[in-house]
Protein chains: 2
Amino acid sequence: MDNYSYLRIILSLSYSHIKDKISESGLKVTHQRIVILNTVLQMDNHPTVEHIYESIKDANPSISLGTVYKTVEAFVNNGLLSKVSTNEGQMRYDPKLDNHGHIYCSNTSEIIDYFDDELNDMILSFFKNKRVSNLKIKNITLQINGDKIDPEKDVLIK
Amino acid sequence: MDNYSYLRIILSLSYSHIKDKISESGLKVTHQRIVILNTVLQMDNHPTVEHIYESIKDANPSISLGTVYKTVEAFVNNGLLSKVSTNEGQMRYDPKLDNHGHIYCSNTSEIIDYFDDELNDMILSFFKNKRVSNLKIKNITLQINGDKIDPEKDVLIK
DNA sequence: ATGATTGCAAAAGCTTTGCAGCTTG
DNA sequence: CAAGCTGCAAAGCTTTTGCAATCAT
């Protein structure tokens with residue numbers, strides 16, 4: 001068995017994982033949905049619909065932009081993706097579903113995930129001690145706004 | 001001096017305050033800007049451009065929608081307003097400039113201000129103890145997402 | 001006086017919609 | 001087979017743009 005065969009097995013395993021996810025979410029499994037979900041899961045930059053469309057269209061010229069819109073929206077409604085809006089009102093899609101904050105770099109238009117369990121606990125326990133009336137809280141997230149100093153390098157908070 | 005005269009004085013004082021704000025921000029003082037800024041300051045519901053336009057147009061039919069767009073954008077750039085985007089990517093304008101969070105009620109599309117000094121300090125000191133590299137942080141805000149239970153009543157956290 | 005601002009209308013995005021034909025379960 | 005999904009093109013929004021006329025300083 002050569003390296004290529006291994007690759008094919010890994011790929012097919014990964015697709016079956018994706019098919020399961022789609023199916024379990026209650027949606028029908030179509031070629032378009034597999035391609036789109038697979039793509040968003042591999043992009044870690046919170047893509048826009050246009051980004052997703054651009055990144056799939058060479059290999060899948062028949063998938064239309066409208067389908068990408070409908071598909072990501074279906075994924076959001078069925079809990080496979082979450083939707084993030086930039087400070088400029090542009091919609092981006094995020095495959096990470098656990099509670100996390102975002103760093104918005106206005107000079108590079110990047111959205112970077114920010115996970116910190118300690119911070120999450122701190123905020124959660126803060127609100128546990130508050131009396132919240134007439135609101136059913138779904139989630140609480142932190143938004144860190146700033147500018148990247150060197151646009152080429154990564155941002156790190158630790 | 002009757003009640004009406006008092007009212008007129010209060011109004012004119014309030015306009016001169018608004019004129020000063022516009023002028024100090026570096027923008028020229030025009031009728032349109034006075035009306036628009038005055039309106040946004042009085043609306044406490046984070047209006048959209050369309051909301052602002054609707055709310056001024058009966059008394060000021062000559063102010064065009066395009067001018068409202070240009071004006072609020074100028075206000076944001078000159079530090080008189082801040083811009084908030086909803087989870088659906090709609091832009092709203094906020095006259096409150098000090099650091100505060102927002103409660104997003106998805107069932108009523110309301111954005112409610114949330115001030116808490118203790119929380120602000122907590123978050124600030126949390127990040128003071130972190131090493132942040134390659135990012136110039138401008139501000140950190142909290143976003144509380146939820147649904148209003150009774151849409152008619154107010155939300156309260158205390 | 002001159003540089004900024006306005007109104008208007010057109011254009012540019014971005015997203016949704018309607019529907020006929022096709023596919024999935 | 002029925003319900004759901006796709007592709008296409010048109011329509012619907014929101015926002016920006018270009019420019020001549022007007023206004024603020």
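Just the heavy atoms: all of them, side chains too, but no hydrogens, waters or symmetry mates, feed the values below. First the proteins, then the strands, lettered A, B, ... as listed; each starts at 1.
Side-chain to base pairing of Lys70(B) with dG18(D): one donor and one acceptor N or O lie within less than 3.5 Å of each other.
Using a 4.0 Å heavy-atom criterion, one finds that Thr48(B) contacts no nucleic acid atom at all. Contacts of Val49(A) with the nucleic acid, taken as non-hydrogen atoms under 4.0 Å apart, are absent.
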Enumerate donor-acceptor pairs with a distance under 3.5 Å from any side-chain N or O in residues 150-158 of chain B to protein atoms, sequence neighbours excluded.
{"from": "Asp150(B)", "atom 1": "OD1", "to": "Glu152(B)", "atom 2": "N", "distance (Å)": "2.8"}

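The CD1 atom of Ile34(A) sits 11 Å away from the P atom of dT6(D) (whole-angstrom rounding). Here dT22(D) presents its P atom at 18 Å from NE2 of His31(B), a figure rounded to the nearest Å. The CD atom of Glu73(B) sits 16 Å away from the P atom of dT14(D) (whole-angstrom rounding). Straight-line distance from the CD atom of Glu24(B) to the P atom of dA24(D): 19 Å, rounded to whole Å. Nucleotide dG7(D) holds its P atom 15 Å from the OH atom of Tyr69(A), rounded to whole Å. One can place CE of Met91(B) at 11 Å from C1' of dT15(D), the figure rounded to the nearest angstrom. Between Asn60(A) atom CG and dT6(D) atom P the separation is 13 Å, expressed in whole Å. For the pair Ile22(B) CD1 and dC23(D) C1', the interatomic distance rounds to 15 Å; values are reported in whole Å.
Of the side-chain N and O atoms in Gln32(A), one or more sit less than 4.0 angstrom from OP1 or OP2 of dG7(D). Distances shown here put a side-chain N or O of Thr67(A) below 4.0 Å from the OP1 or OP2 atom of dG7(D).
Mapped onto DNA chain D by nearest heavy atom, Gln90(B) and Thr30(B) fall at different nucleotides, with Gln90(B) at the one closer to the 5' end. Between Pro61(B) and Arg33(B), it is Arg33(B) whose nearest contact on DNA chain C lies nearer the 5' terminus.
Side-chain atoms of Asp147(B) never come within 3.5 Å of backbone atoms of Lys136(A) as a donor-acceptor pair (strictly under, hydrogens ignored). Proximity of a side-chain donor or acceptor of Asp94(B) to a complementary backbone N or O of Lys96(B) within less than 3.5 Å is detected. Between the side chain of His102(B) and the backbone N or O of His100(B), no donor-acceptor pair lies under 3.5 Å.
Running 5' to 3' along DNA chain C, contacts with non-hydrogen atoms of chain B at under 4.0 Å begin and end at dG3(C) to dC8(C).
Ion pairing between Lys130(B) and Asp116(A) holds under the 4.0 Å rule for side-chain N and carboxylate O.
Donor-acceptor pairing under 3.5 Å is lacking for the side chains of Gln32(A) and Asn60(A).
Heavy-atom minimum distance, Glu73(A) versus Lys83(A): OE2-NZ, 3.1 Å.
For Leu65(B), the side-chain atoms get nearest to dT15(D) when compared with the rest of dT6(D), dT15(D), dC5(D).
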